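Along the sequence shown, the residues carry numbers beginning at 1. The structure displayed is predicted, hence computed values, not measured ones.
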Amino acid sequence: MSVNGDAPPACQQHRGFATASSGPCDAATPSGGGSAGGGKEPLTMSLQEAVMSLADVAVSKVEEGDLDAAIGVLSEGIKEFGPRFPDSPEVGELHNQVALLLFMKGDVEEAAGHAQTALDATSAAFGPTSVLTGHRQLRMGAVRVGQGKHNEAAGMLQDAVTALGDDPSKAEAQLYLALVQLSRASDVTHVTALDGELFRCVRVMRDNFGVDSMVLRLALMQHDKLVTRALGAQVLDASLCEALMAQHVSLLEFVDPSGEELAIALYKIATFFYTQDLLSDAGKKVALAGALLKGHYHEDHPLVLMCSHRMGMVCAASGDHRAATKLLSASLKRYQSPDQGGAEGTASALAKEAELGLAMARFRSIDQQLPKQQLQERQAGALAEVHGLLSELVKAIGSSHMLAQAGMRYCAQLGAFASPHARGSAAPPCRVVAPSTPSTLFTPGAPTPSTPPTPGSTDTVGVLLLNLGGPDKLDDVQPFLYNLFADPEIIRLPEPLQFLQPVVATIISTLRAPKSKEGYAAIGGGSPLRRITEDQGAALAASLGNKGLPGAKVYVGMRYWHPYTEEALAAIKADGVGRLVILPLYPQFSISTSGSSFRLLEQLLKDDPAMSRLKHTVIPSWYQRKGYVGAMVDLMVEELTKFEAPADVEVFFSAHGVPVSYVEKAGDPYKEEMEECVSLIMDELRRRGCKNRHTLAYQSRVGPVEWLKPYTDDTIRLLGKRGTRAMLTVPISFVSEHIETLEEIDVEYRELAHESGIKQWGRVPALNTNARFIDDLADAVVEALPYVGQLAGGSIDALVPGGELGALLDTFDKQRMAVPSPVPMWEWGWTDSAEILNGRLAMVAILFVFTLETVTGQGIIASFFSDWRV
């Protein structure tokens, strides 16, 4: 490998770098006593010869591949001559060569100090515009690029271009200037626009310094660092990364079409294609990389093995289970062997990836012609194995690693390929399947993958509990109602009248407050929801501490009352939370509950630049968790024993209703999740020997629109007519006591049941701070932490996948469409201009009638709100 031509004239012949041991430095003395330049007499050859001898030794060490020894030789020269000739440009040359070697090693901070010393000495000796000073400015500017200080680098490099004139090293300075511009590229166009300049500069450097030139390789290494930086960006721009990688491959191919560096770059871009589900392109690139590497190394060389391994993973992901099994079996054997075939951390991680790939191949090898039951069982077992090995890979390399995220993607594809029963049986605790923030690609020279933060690590973990909210005391009822009715998803005015939303909310909240206060007075003078939710948060924090997260902080964010979601986010920001798990306290997902909070939260995060970068994940629903199901059944069994004949009791699940239009028009998965939740609970109840009949109905409907059926009140009457005499009511939508359990169920529905002939009545209490329930929520948080910062994509086992907020909402609400309003008669409009005036007058009339009817408490519009349990 050779160096560039930025040595002083006496050292220009030293283009190669290879080395010896010490050198004839000790006898070097100047005859003139001063430094060369500025009209002074140059130093005698003794110092120049000493520096040249040191350069010879350092060159030989570099050619032997021992950069540290070369740096040591040059550093000894600096130590010897520096104090004696502090202003000597020859000593400056030693600093310059040390800076070059340190830069090659990647020690850019130390390199910067030596480069600055070399620049100062040369500028003082020969002036700021000399060619030699231009060489030193070039080196300083290159190091600044390596430090990422691109603005400083640009000025330094521009000065170098001016000073170097016709010197061939001018192309090197211009190449670094192009890299500075490339560092600011924001799209593919900016990248490709620099192709011409980059190739011109590389051609000049190749022709003048040779393909093995250290300075040429250093410049190409800096281009590779830009690729790595793009891959590690907070938000991955796949097209930008692909353009930078393709440009890098082309530059290397231009310099040396059979070189090892080109093969490594091809491997890197193949791995990138693999992570982006571009399997055909990945296969072609990795095959080419392997062929090039075999021209340099034997079959068992670590680089050749890595290409074979990556090809195996490509085959596993694309469904070629036979080829995948052959390649990955060999890969696994090699990476599990004592010598490991590479760096220990990388080999261990690649072994885990090989195990995952082999499990994926085993899943793909299952005969699809098997009987349905046998097929489901085989797929469920194979999926469970895949998910377990995926978890091991995530623990080894971190959830943000591109290969871990690729594993999530391909495991999700297997889940989509499996039968529904197999998906449900083998589901992992969190569903995160699309890549987000990548890191290294397991390329030679890359750092060993680090283990992701785990329980016990020092970064701050936060959990945000989301809930509806409720008035703490009677004086809070009217402002709470205002917040509720000011939400256009509760009452939607037509667009021309939306400016009246605050007025309408004020009217409704003021007129409804007296009746609502009666309800809250009956349950103690206010909603217990805040107190219970904060108690749940404290219990959750304690449970997380017992699971290895003693520093985890739990926050409460309410939709319509204190502490508002905005208040919770302010506290999260102030506490410096690094990883956030968002956990709505609704077991089943609905666009009207969790979805509403998610849409608000998404907007709040976008509005705060600092918070928009907060790494987070969402657990959108958790009704299927064994801990939750078990805790519910524990309470149910306890309540059943209080009846005279427990086996004869009707188990009556009462869920909060939603308009049918939410499900049929907006795609709300709530009904399906609710039905599955009830099925899971009853299955567990039967396993405990309770064979009770059960019914699911929906409460709290509003207005004349159709809500999910059957309705709770109608069903209670029907069960009474059919002879049901004992009923245990299970409030299935709620995990905290509040007005819908304490007043609507305990008072109104209980009275209705007695009127309908149901003599024995019982109600399962809300979970509140039930120890088993809280412990299961803590487990959910711990299981979700490896997925913080991920996106959401297709689901493996649930209707709504977990992941990052924006991507989660995209799965069912890509356009962020407003959900259908539960009060549809406010949806007014017109199509012909001739009817505009009549339409507006009609709306004004409706507002007037609405106000009048609400005041009097009579009329169809007022009746809409008499059923709101607020």
Holding to side chain to side chain contact (heavy atoms under 4.5 Å, CB included), I want the full list of residues that pass it with [X], two or more places apart in sequence or in another chain.
X    : result
A631 : L767, N770, R772, F773
A766 : E737, N768
E638 : L635

> At their closest point, which heavy atom of R229 faces which heavy atom of S183, and how far apart are they?
Replying inline: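 Reported closest heavy-atom pair: NH2-O, 2.5 Å.
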Going by ring-ring contact (aromatic ring centres under 6.0 Å, His included), name the residues that satisfy it together with [X], two or more places apart in sequence or in a different chain.
X    : value
Y274 : Y410
H309 : Y335
F734 : H738
Y628 : W622

>> Can you tell me how far apart OG1 (T275) and CD (Q405) are? Round to the nearest 0.5 Å.
In response: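 Reported to 0.5 Å precision, the distance equals 8.5 Å.
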> Is the shortest heavy-atom distance from the side chain of R559 to the side chain of N467 under 4.5 Å?
Replying inline: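 In short, these two side chains do not touch, never coming nearer than 4.5 Å.
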> Would you call C677 and Q588 a side-chain contact if the rule is heavy atoms closer than 4.5 Å?
Replying inline: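 Sidechains of Q588 and C677: in contact.
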> Taking only residues two or more places apart in sequence, or in another chain, which ones meet T565 in a side-chain hydrogen bond (donor to acceptor under 3.5 Å, both in side chains)?
Replying inline: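 side-chain hydrogen bond (donor to acceptor under 3.5 Å, both in side chains) check on T565 returns nothing, list empty.
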> With no hydrogens and no angle check, is any side-chain donor or acceptor of S612 less than 3.5 Å from a backbone partner on P609?
Replying inline: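 Yes, S612 side chain to P609 backbone: donor-acceptor pair under 3.5 Å.
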> Okay, side chain of H401, backbone of I397: is any donor-acceptor separation there less than 3.5 Å?
Replying inline: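 No; zero donor-acceptor contacts below 3.5 Å.
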> Charged N to carboxylate O under 4.0 angstrom, D472 versus R531?
Replying inline: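 No, no charged N to carboxylate O under 4.0 Å.
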>> Does this structure show an ion pair linking D476 with R530, if we count only N-O contacts that are shorter than 4.0 Å?
In response: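 Salt bridge absent between D476 and R530.
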Residues in salt bridge (Lys or Arg N to Asp or Glu O under 4.0 Å) with [X], at least two apart?
X    : answer
E675 : K671
E355 : none
K573 : D608
R687 : E684

